[in-house]
Amino acid sequence: SITVEFRLEEGDDLVAITNAIYEAAFTYDPSLPPAGDYLRQHVRSILYDETLYEDNWAKITYTVTAYLSTAEQEQYINRIVPEILSALFPEGEDYTTKELIDLIYRFIRDNLEYRTSTELTAGSAYSGLSVQETTCNGYAALLYRLLLEAGIECRIITGYYQGAYHAWNLILTPEGWRNVDATLDDQLPELLKGIEFREYYLFHSTTFFGHERDYRFLTENFLMDYPE
């Protein structure tokens with residue numbers, strides 16, 4: 001649990017402040033791969049307790065009641081991600097941004113299998129690496145971790161694909177930010193995978209058909225911060 005105490009000023013909205021503090025906990029910082037979007041997508045449920053005192057003092061307690069992974073599992077992720085990148089990119093060789101993205105994306109497609117599940121940990125990056133099966137959330141989270149630790153900026157985007165809630169990624173390329181959906185590309189027939197056919201790889205939003213972002217990824221500020 002984390003508790004924040006403060007004094008309300010005239011006109012302050014406690015609900016708005018509660019939400020703002022929550023959002024601040026998941027602030028995107030490309031130098032902190034285990035935080036930001038990755039952490040947000042691994043918090044399964046959280047409770048809020050707001051208390052008002054005399055003289056306009058307020059206290060908000062945030063309690064995470066369920067994570068998609070344990071501390072031990074995240075320690076495993078912290079160890080294995082650098083090992084994966086070292087295997088993909090041997091020292092002494094130079095790679096373009098496009099090559100880095102290509103090789104990491106191919107690793108995700110070659111080593112994960114998609115599954116739908118109500119099991120708590122099924123949507124974690126850990127599930128993807130430990131049993132090679134995960135949901136769209138695990139695909140997006142693992143791609144996020146690998147790209148950020150390789151020095152490529154990336155976001156996890158949530159929303160809907162053909163009416164079903166879904167997660168995918170937005171990646172910074174030399175041409176601007178582009179959408180990828182490793183989950184859907186990994187479900188293409190094996191024959192198409194073999195010739196590196198990618199139907200959902202590095203697309204501008206205007207041609208990334210079937211995907212509808214959550215509102216927070218459509219705000220004017222977000223679109224200005226992540227121009228395509």
Side-chain angles (χ1 to χ4, degrees), residues 1-4 19 21-49 60-89 100-101 103-159 165-172 180-183 185-186 214 216-217:
S1 296
I2 297 176
T3 298
V4 181
N19 292 334
I21 294 173
Y22 174 82
E23 290 297 326
F26 304 112
T27 299
Y28 172 67
D29 184 343
S31 69
L32 297 173
D37 294 347
Y38 182 88
L39 178 60
R40 180 194 291 270
Q41 294 305 117
H42 280 72
V43 172
R44 178 65 177 269
S45 61
I46 187 168
L47 298 177
Y48 310 86
D49 181 40
I60 308 171
T61 299
Y62 301 82
T63 303
V64 176
T65 56
Y67 288 96
L68 295 186
S69 56
T70 66
E72 291 76 16
Q73 290 169 347
E74 286 307 312
Q75 290 171 3
Y76 169 80
I77 294 293
N78 292 339
R79 291 195 306 270
I80 198 68
V81 164
E83 294 178 11
I84 292 170
L85 293 175
S86 294
L88 289 175
F89 309 114
L100 289 170
I101 297 171
L103 288 171
I104 290 173
Y105 196 74
R106 184 183 303 171
F107 172 86
I108 294 288
R109 291 181 62 190
D110 288 348
N111 291 278
L112 272 63
E113 293 291 335
Y114 176 73
R115 69 165 174 169
T116 57
S117 175
T118 57
E119 184 182 341
L120 181 63
T121 60
S124 67
Y126 175 80
S127 178
L129 287 180
S130 62
V131 298
Q132 287 73 55
E133 292 182 344
T134 188
T135 67
C136 61
N137 191 73
Y139 275 83
L142 184 55
L143 185 57
Y144 177 88
R145 283 295 300 267
L146 288 168
L147 286 170
L148 286 191
E149 297 205 25
I152 306 295
E153 285 206 50
C154 177
R155 298 298 308 265
I156 298 175
I157 306 297
T158 54
Y165 204 63
H166 192 52
W168 61 95
N169 297 91
L170 192 64
I171 302 174
L172 182 58
V180 303
D181 192 330
T183 305
D185 265 343
D186 196 32
D214 283 334
R216 62 192 178 90
F217 301 114

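Sequence positions, counted from 1, serve as the residue numbers for this chain.
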Exercise. Under the side-chain contact (heavy atoms from CB on, under 4.5 Å) rule, what do Asn169 and Ile156 come out as? Steps first, then yes or no, please.
Key: CA-CA 5 Å; Asn169 297 91; Ile156 298 175; 3.9 Å; yes
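- Residues satisfying the ring-ring contact (aromatic ring centres under 6.0 Å, His included) test with Phe26, not counting sequence neighbours, are Tyr22.
- For Asp181, there are no salt bridge (charged side-chain N to carboxylate O under 4.0 Å, His left out) partners at least two apart in sequence or on another chain.
- Phe107 meets the ring-ring contact (aromatic ring centres under 6.0 Å, His included) test with no other residue; sequence neighbours excluded.
- For residues 23-33, every residue pair satisfying the salt bridge (Lys or Arg N to Asp or Glu O under 4.0 Å) rule, not counting sequence neighbours, is listed here: Glu23-Arg40.
- What you find for Pro82 and Ile77 is that their closest heavy atoms are CD-O, 4.4 Å.
- Shown here are the side chain to side chain donor-acceptor pair (under 3.5 Å) partners of Asn78, two or more places apart in sequence or in another chain: Arg145.
- Separating the CG atom in Asp110 from the CD atom in Gln132 is a distance of 12.0 Å, to the nearest 0.5 Å.
- Counting only heavy atoms from C-beta outward, the side chains of Leu170 and Phe217 never approach each other to under 4.5 Å.
- Atom CZ of Arg155 and atom CG of Leu172 lie 12.0 Å apart (nearest 0.5 Å).
- Taking CG of Leu68 as the start and CD of Gln41 as the end, the distance is 8.5 Å to the nearest 0.5 Å.
- Within 6.0 Å of CG on Leu47 lie more than 12 heavy atoms contributed by other residues, nucleotides or ligands.
- Looking at Arg216 and Thr158, their side chains come closer than 4.5 Å, going by heavy atoms from C-beta outward.
- The side-chain contact (heavy atoms from CB on, under 4.5 Å) check on Leu100 picks up Phe89, Tyr95, Ile152, with sequence neighbours excluded.
- Considering every non-hydrogen atom in both Ala167 and Cys136, the closest pair reads N-SG, 3.5 Å.
- Applying the side chain to side chain donor-acceptor pair (under 3.5 Å) test to Thr27 and every residue at least two apart in sequence or in another chain returns nothing.
- Ser127 places no side-chain N or O within donor-acceptor distance of the main-chain N or O of Gly123, the cut-off being under 3.5 Å.
- Residues Leu129 and Ile84 are in side-chain contact: their nearest non-hydrogen atoms beyond the backbone lie under 4.5 Å apart.
- Rounding to the nearest 0.5 Å places OG1 of Thr183 at 7.0 Å from OH of Tyr114.
- Nearest heavy-atom pair, Cys154 versus Ile171, reported as atom, atom and distance to 0.1 Å: SG-CG1, 4.1 Å.
- Smallest separation of non-hydrogen atoms from Leu112 and Asp186: O-OD2, 2.7 Å.
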Exercise. Could you please spell out the steps behind the side-chain contact (heavy atoms from CB on, under 4.5 Å) verdict for Tyr67 and Val43?
Key: CA-CA 5 Å; Tyr67 288 96; Val43 172; 3.8 Å; yes
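- Partners of Thr63 according to the side chain to side chain donor-acceptor pair (under 3.5 Å) rule, which considers only residues two or more places apart in sequence or in another chain, are Ser1.
- A search for ring-ring contact (aromatic ring centres under 6.0 Å, His included) contacts involving Tyr38 returns His42, not counting sequence neighbours.
- For the pair Thr134 (side chain) and Ser124 (backbone), a donor-acceptor distance under 3.5 Å is present.
- Between the side chains of Tyr165 and Asp214, at least one donor N or O lies within less than 3.5 Å of an accepting N or O.
- Of the inter-residue distances, the one linking Ile157 atom CD1 with His166 atom NE2 reads 11.5 Å to the nearest 0.5 angstrom.
- Rounding to the nearest 0.5 Å gives a distance of 3.5 Å between CD1 of Ile108 and CG of Leu142.
- For Glu153, the side chain to side chain donor-acceptor pair (under 3.5 Å) partners two or more places apart in sequence, or in a different chain, are Tyr28.
- Contacts classified as salt bridge (Lys or Arg N to Asp or Glu O under 4.0 Å) and involving residues 77-87 (residues at least two apart or in different chains) are not found.
- At distances below 3.5 Å, not a single donor-acceptor pair connects side-chain atoms of Tyr76 with backbone N or O atoms of Tyr126.
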